[in-house]
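Contents: one structure, followed by commentary.
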Amino acid sequence: MKYLGSVTFFSILVFIAFSSFKPSSQTNKAQDEGDDYDTLDYYTMSVSGIKLASNYGAILDKLGSPDSVTKEETQDAQLSNHFEMYFYGKDTFFVMDETVSGFDLKTPKFKIDNLDLKVGDAMAKVKKRFPKSYKLRDVDNSVEDWITTVSIRFGTSDSFLEITVQNDKIISLTTITDDGSDSEE
């Protein structure tokens with residue numbers, strides 16, 4: 001009798017365990033959209049030897065004097081003490097509070113070292129390196145030559161590396177922070 005009670009109790013526990021299991025297709029999809037993107041470690045990123053999160057002097061040491069420096073008046077600038085953009089031709093490095101915080105690369109002059117990516121590289125390289133993000137790519141077909149944007153999340157933050165592609169070639173590599181708005185300009 002004692003054995004029958006133990007078997008019944010064990011059977012009930014197993015039933016409860018399996019009945020509470022849900023296949024992944026039935027889980028809450030709104031749970032965490034971040035799981036859908038490929039991710040990068042912000043602190044290991046470097047552009048032509050300039051590490052993100054390093055002192056802005058690294059830009060000057062590696063690249064010399066910029067063509068121009070502009071203080072940007074944005075929402076981010078108001079949240080920090082100091083926000084500037086260092087322009088080297090069409091390429092830009094962002095500096096916030098004397099720290100390299102991001103970039104906007106539009107020429108093949110610079111490359112992202114740890115990813116071995118630069119403007120002009122083929123879309124196939126992006127697709128192979130970031131398959132999850134590639135599946136979520138944004139395609140703008142409102143222009144003659146479609147523009148595709150692939151976003152890769154920095155960790156679990158709301159910041160991304162955006163890779164923009166046109167005619168199967170990377171045309172820009174940009175760090176962005178999602179401000180949460182869905183407005184279109």
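Every value quoted in this text rests on a predicted model; they were computed, and no experiment measured them.
From Leu105, atom CG reaches atom CD1 of Ile170 across 10.5 Å, with rounding to the nearest 0.5 Å. Separation of atoms OG (Ser172) and CD1 (Ile147) is listed at 9.0 Å; rounding is to 0.5 Å. Atom OG of Ser151 sits about 8.5 Å away from atom CD1 of Ile163, to the nearest 0.5 Å. In this structure, Ile50 CD1 and Asn55 CG are separated by 12.0 Å, a value rounded to the nearest 0.5 Å. For the atom pair CZ (Arg129) and CD1 (Ile152), the distance works out to 9.0 Å, reported to the nearest 0.5 Å. In this structure, CD1 on Ile176 lies 9.5 Å from CZ on Phe154, to the nearest 0.5 angstrom.
Cluster annotation: Ile59 is connected to Ile112 through the hydrophobic network of ILVMFWY side chains, with a link wherever side-chain heavy atoms come within less than 4.5 Å. Side-chain heavy atoms closer than 4.5 Å link hydrophobic residues (I, L, V, M, F, W, Y) into clusters, and following such links, even through other members, never connects Phe103 to Met96. Under a hydrophobic-cluster definition in which Ile, Leu, Val, Met, Phe, Trp and Tyr are linked whenever side-chain heavy atoms come within less than 4.5 Å, directly or via other members, Val47 and Val69 are assigned to the same cluster. No single ILVMFWY cluster, assembled from side-chain heavy atoms under 4.5 Å apart, contains both Trp146 and Val165. By the criterion of side-chain heavy atoms lying less than 4.5 angstrom apart, applied directly or through intervening Ile, Leu, Val, Met, Phe, Trp or Tyr residues, Met123 is not grouped with Tyr37; the two fall into different hydrophobic clusters.
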Item to check | Test log, rule side-chain contact (heavy atoms from CB on, under 4.5 Å), inputs Asp121 and Val119 | outcome: CA-CA 6 Å; Asp121 284 348; Val119 170; over 6 Å; no
Item to check | Test log, rule side-chain contact (heavy atoms from CB on, under 4.5 Å), inputs Phe160 and Val150 | outcome: CA-CA 10 Å; Phe160 295 84; Val150 178; over 6 Å; no
Next on the checklist: Could you walk me through whether Phe94 and Val100 satisfy the side-chain contact (heavy atoms from CB on, under 4.5 Å) test, starting with their C-alpha distance in whole Å, then the side-chain angles of each, then the deciding distance to 0.1 Å, before giving a yes or no?
Outcome noted: CA-CA 6 Å; Phe94 306 123; Val100 179; over 6 Å; no
Next on the checklist: side-chain contact (heavy atoms from CB on, under 4.5 Å) for Asp38 and Tyr134? Distances and angles first, verdict last.
Outcome noted: CA-CA 9 Å; Asp38 291 287; Tyr134 181 80; over 6 Å; no
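Side chain of Asp113 to backbone of Gly49: a donor-acceptor contact under 3.5 angstrom is found. A distance-only check finds no donor-acceptor pair linking the side chain of Thr148 to the backbone of Val139 [under 3.5 Å]. A distance-only check finds a donor-acceptor pair linking the side chain of Lys51 to the backbone of Tyr43 [under 3.5 Å]. Under the 3.5 Å distance criterion, the side-chain polar atoms of Thr99 are left unmatched by any main-chain donor or acceptor of Ser101. Between the side chain of Lys125 and the backbone N or O of Asp116, at least one donor-acceptor pair lies under 3.5 Å.
No side-chain donor-acceptor contact under 3.5 Å links Thr177 and Asp158.
A ring-ring contact (aromatic ring centres under 6.0 Å, His included) with Phe93 is found for one member of Phe110, Tyr56, Tyr86 and no other, namely Phe110.
Between Leu136 and Phe130, the closest side-chain pair of non-hydrogen atoms is not below 4.5 Å. At least one side-chain heavy atom of Leu40 sits less than 4.5 Å from a side-chain heavy atom of Leu115.
Scanning all heavy atoms of the two residues, the minimum distance from Lys111 to Lys118 falls at CB-CB, 3.6 Å. Thr175 and Gly102 get closest at one heavy-atom pair: OG1-CA, 3.1 Å. Across every non-hydrogen atom of Met45 and Leu161, the tightest pair is CE-CD2, 4.4 Å.
Checked against side-chain contact (heavy atoms from CB on, under 4.5 Å), Phe87 has the following partners two or more places apart in sequence or in another chain: Ser68, Thr70, Met85, Thr92. In this structure Thr149 satisfies the side-chain hydrogen bond (donor to acceptor under 3.5 Å, both in side chains) test with no other residue, sequence neighbours excluded. Applying the side-chain contact (heavy atoms from CB on, under 4.5 Å) criterion to Lys109, with sequence neighbours excluded, gives Asp91, Thr107.
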